Amino acid sequence: MRSSDLLIRRIVIVGGGTAGWMAAAVLARFLARAQVSITLIESAQIGTVGVGEATVPVIQALNGLLGIDEADFLRKTHGTCKLGIEFRDWARQGQTHFHFFGDFGAPIEGIAPHHHWLRLQDRAPLGDYSLPYVMGKLGRFSLAQEGYKYAYHFDASLYAAYLRANAEARGARRVEGKVVDVSLDVASGFIRDVVLDDGSRIAADFFVDASGFRGLLISEALHVGYEDWSQWLPCDRAVAVASAPVTCSAVALTSAPAVASAAALVSTAAPTTGGASAASGDLPPYTISTARPAGWQWRIPLQHRTGNGYVYCSQFITDDEASSDLLTRLEDRPLADPRLLRFTTGRRRQSWSRNCLAIGLAAGFMEPLESTSIQLIQTALARLIEMFPDRDCDPVVSAEYNRVSANEWERIRDFLILHYCATQRDDSPLWNYCRAMRVPDSLQYKMDVFRSSGRVPLYSEESYQEPSWVCIFLGQNVFPKRYDPLVDSIPIEHLKSGMRQRVRAIRQRAESMPTHRDFIDGRVRVVA
Ligand SMILES: Cc1cc2nc3c(=O)[nH]c(=O)nc-3n(C[C@H](O)[C@H](O)[C@H](O)COP(=O)(O)OP(=O)(O)OC[C@H]3O[C@@H](n4cnc5c(N)ncnc54)[C@H](O)[C@@H]3O)c2cc1C
């Protein structure tokens, strides 16, 4: 039997970046009836990372649960919609492929469409069978329908402010102050309270460490170790800078790689999944990721500016070189000086230890290649609510939390590594290293099965389903030796006309949608 004095009554969150305010909003929403007090401590002296502009579709569930109105949210965060990511020069220089949040259509006779596509000799690029890809290529956008989902690009600082208002409206309390000490209970090793720079102490039953890379509670107080994954994901720095928004003509003039991708789009022989940038206008509904000799560069279109960054490996380029490379490749004038960020890819060995759960950068970091950090904060919070503990924080509960969490992180890690190892680039030491590196067994197995059969084995806690893996495998020229043998039982003429019909129907649906720019202007105007 549970005694009422075992109930958690006070939660303290340390950190007011995206992670801290997401935690405050979610906990205030779900624990309101349990009368748990939520206090968030943050220090204006320390500041936030402030990047984190691209998301994945699961964020819609979060916004929905928090009662967030989409139009209001887009307006206040200067947001745009995101159908996926265009990858330029990752497979090899001049080749473009994509990973969009959708599939390649319904299975045919129970078999995934990419097997049928592989059978066709004279075929359209695989992307033409994917509605979100064609929408992206045409710069169109509409609220999600069958076959795709969407996410957002936004100003990360404005999103944190938006969540703060949401959390405070539900009773979360903010305390300004710098945590200078953490005291532990000698017998249990639990955190008892945190000490602020003005000498005050704030006690709680449960602590959320959202203090960023340092991991003030989870690492500095509880000494949980860190699992370093940089042998597989060697980029360890980024420079980020915002630039003025790009006009239509500027995009057309400066997006040189798009010429190569546009050629690939009409080529039926090239083994490509296509590129999206050709006609997408001044506000493409997707992120662009361009591989560079020492890493890769992101471009994220917001309403009022473009987010840019260069993620790189410091072994192969200096910070100054990376900054100047980023600045020379901007499509419009920079709005500030580039900001340097250092990180080590990996995760805490346990993100839940005793009465402390680490989330966000305090829990670990995988580079932003697939924009998964905010997603990982969200799933961590969902798991906390699902496994909400008593005040004694039974170690069996936290161990289960950590097991599921480790699986989730490792599945994403493998997906990111695939982008690096499945390259044919041989123009720089970084790519030569990545092409030859030994990958984790879990990923090697997936690659072996795909190469052999075109099938993708999925483990538990996979964030990415088969169409996503297929996008990256085929997009980076990892072709299977054979496709599903049952595909051959379908008469070829029947298959060809069915596949042609799919391409036509997708194109017509995409063409009937408004442009992304019109969609955003319309949504924002509704509430302005
Ligand atoms: C280069 C780069 C690009 C990224 N791009 C993306 C992306 O596109 N999509 C995505 O999902 N994620 C992205 N991320 C990750 C994303 O930025 C973070 O996951 C997100 O911002 C959460 O950060 P945080 O809140 O954990 O930490 P921070 O933003 O660092 O916040 C830490 C907070 O802790 C407080 N704090 C620290 N020490 C103390 C103290 N002693 N006392 C009191 N308060 C303290 C600070 O004041 C601050 O409020 C990116 C990260 C990097 C580095």
Side-chain angles (χ1 to χ4, degrees), residues 12-24 39-59 62 82 85 151-161 163-164 174-182 194-198 202 207-221 235-241 287 289 295-300 302 307-312 322 326 338-345 348 351 358-381 412 463:
V12 160
I13 300 162
V14 176
T18 310
W21 284 113
M22 275 174 80
T39 304
L40 182 146
I41 306 168
E42 68 176 316
S43 165
Q45 285 172 49
I46 295 176
T48 64
V49 158
V51 277
E53 297 175 320
T55 57
V56 293
V58 73
I59 195 170
L62 173 76
K82 173 183 168 188
I85 305 169
Y152 308 105
H153 301 125
F154 51 58
D155 180 322
S157 310
L158 295 178
Y159 186 55
L163 292 177
R164 174 179 167 182
R174 175 186 181 276
V175 172
E176 169 66 38
K178 188 171 165 190
V179 174
V180 290
D181 201 7
V182 180
V194 291
V195 184
L196 303 190
D197 49 356
D198 64 1
I202 303 187
F207 290 82
V208 176
D209 186 351
S211 64
F213 285 125
R214 258 176 83 186
L216 201 62
L217 309 183
I218 197 80
S219 175
E220 294 186 9
C235 290
D236 57 356
R237 293 198 189 169
V239 274
V241 70
T287 305
S289 163
W296 62 277
Q297 189 179 329
W298 80 74
R299 180 182 181 282
I300 295 178
L302 303 184
N308 309 276
Y310 186 176
V311 176
Y312 56 95
L326 178 66
R339 268 188 74 200
L340 174 67
L341 298 133
R342 295 188 172 84
F343 53 84
T344 305
T345 292
R348 298 278 170 221
S351 41
I359 57 166
L361 300 172
F365 183 60
M366 288 184 272
E367 55 161 277
L369 186 53
E370 286 279 354
S371 337
T372 41
S373 291
I374 292 173
Q375 168 198 345
L376 284 166
I377 300 169
Q378 179 176 343
T379 51
L381 291 168
I412 292 176
S463 293

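Both ligands and their constituent atoms are indexed starting at 1 by order of listing. As the structure is a computational prediction, the values presented were derived from the model and not from experiment. Positions are given from 1, in the same order as the sequence printed here.
Nearest non-hydrogen protein atom to atom 53 (C) of ligand 1 is F365 CZ, 3.7 Å. Of all protein heavy atoms, the one closest to atom 43 (C) of ligand 1 is G177 O, 3.3 Å.
With atom 16 (C) of ligand 1 as the reference point, the heavy atom nearest to it among D181, V51, I300, V49 is part of V51. Closest to atom 36 (N) of ligand 1 by heavy atom, among P368, G215, S211, is S211. Closest to atom 46 (C) of ligand 1 by heavy atom, among G47, A240, A19, G17, is G47. Nearest to atom 38 (N) of ligand 1 by heavy atom, out of I46, L40, T18, is I46.
Not a single heavy atom of T55 lies less than 4.0 angstrom from ligand 1. The closest approach between a heavy atom of W298 and any atom of ligand 1 is below 4.0 Å.
Considering backbone and side-chain N/O atoms, F213 never comes within less than 3.5 Å of an N/O atom of ligand 1. Backbone and side-chain nitrogen or oxygen atoms of S43 are examined, and one is located within less than 3.5 angstrom of a nitrogen or oxygen of ligand 1. The shortest N or O to N or O distance between I377 and ligand 1 is not under 3.5 Å.
Close approach of ligand 1 to E42 is summarised as follows: ligand atoms under 4.0 Å from at least one heavy atom of the residue are 44 (N), 49 (O). Every atom of ligand 1 is numbered from 1 in the order shown, and the set under 4.0 Å from a heavy atom of E53 is 7 (C), 8 (O). Short contacts between ligand 1 and A238, defined as distances under 4.0 Å to a heavy atom of the residue, involve ligand atoms 1 (C).
Judged purely by atom type and a 3.5 angstrom limit, Q378 uses its side chain to pair as donor or acceptor with the backbone of V58. The backbone N or O of R299 sits nowhere less than 3.5 Å from a side-chain atom of N308 that would complete a donor-acceptor pair. A donor-acceptor contact shorter than 3.5 Å is absent between the side chain of R164 and the backbone of R174.
Residues W21 and E42 have side chains in contact (heavy-atom distance under 4.5 Å, counting atoms from C-beta outward).
Using cut-offs of 30° and 60° on the angle between ring planes, the pair F365 and F213 is perpendicular.
Taking both residues in full, the closest heavy atoms of T287 and A54 are given as OG1-CB, 4.0 Å, listed atom of the first, atom of the second, then distance.
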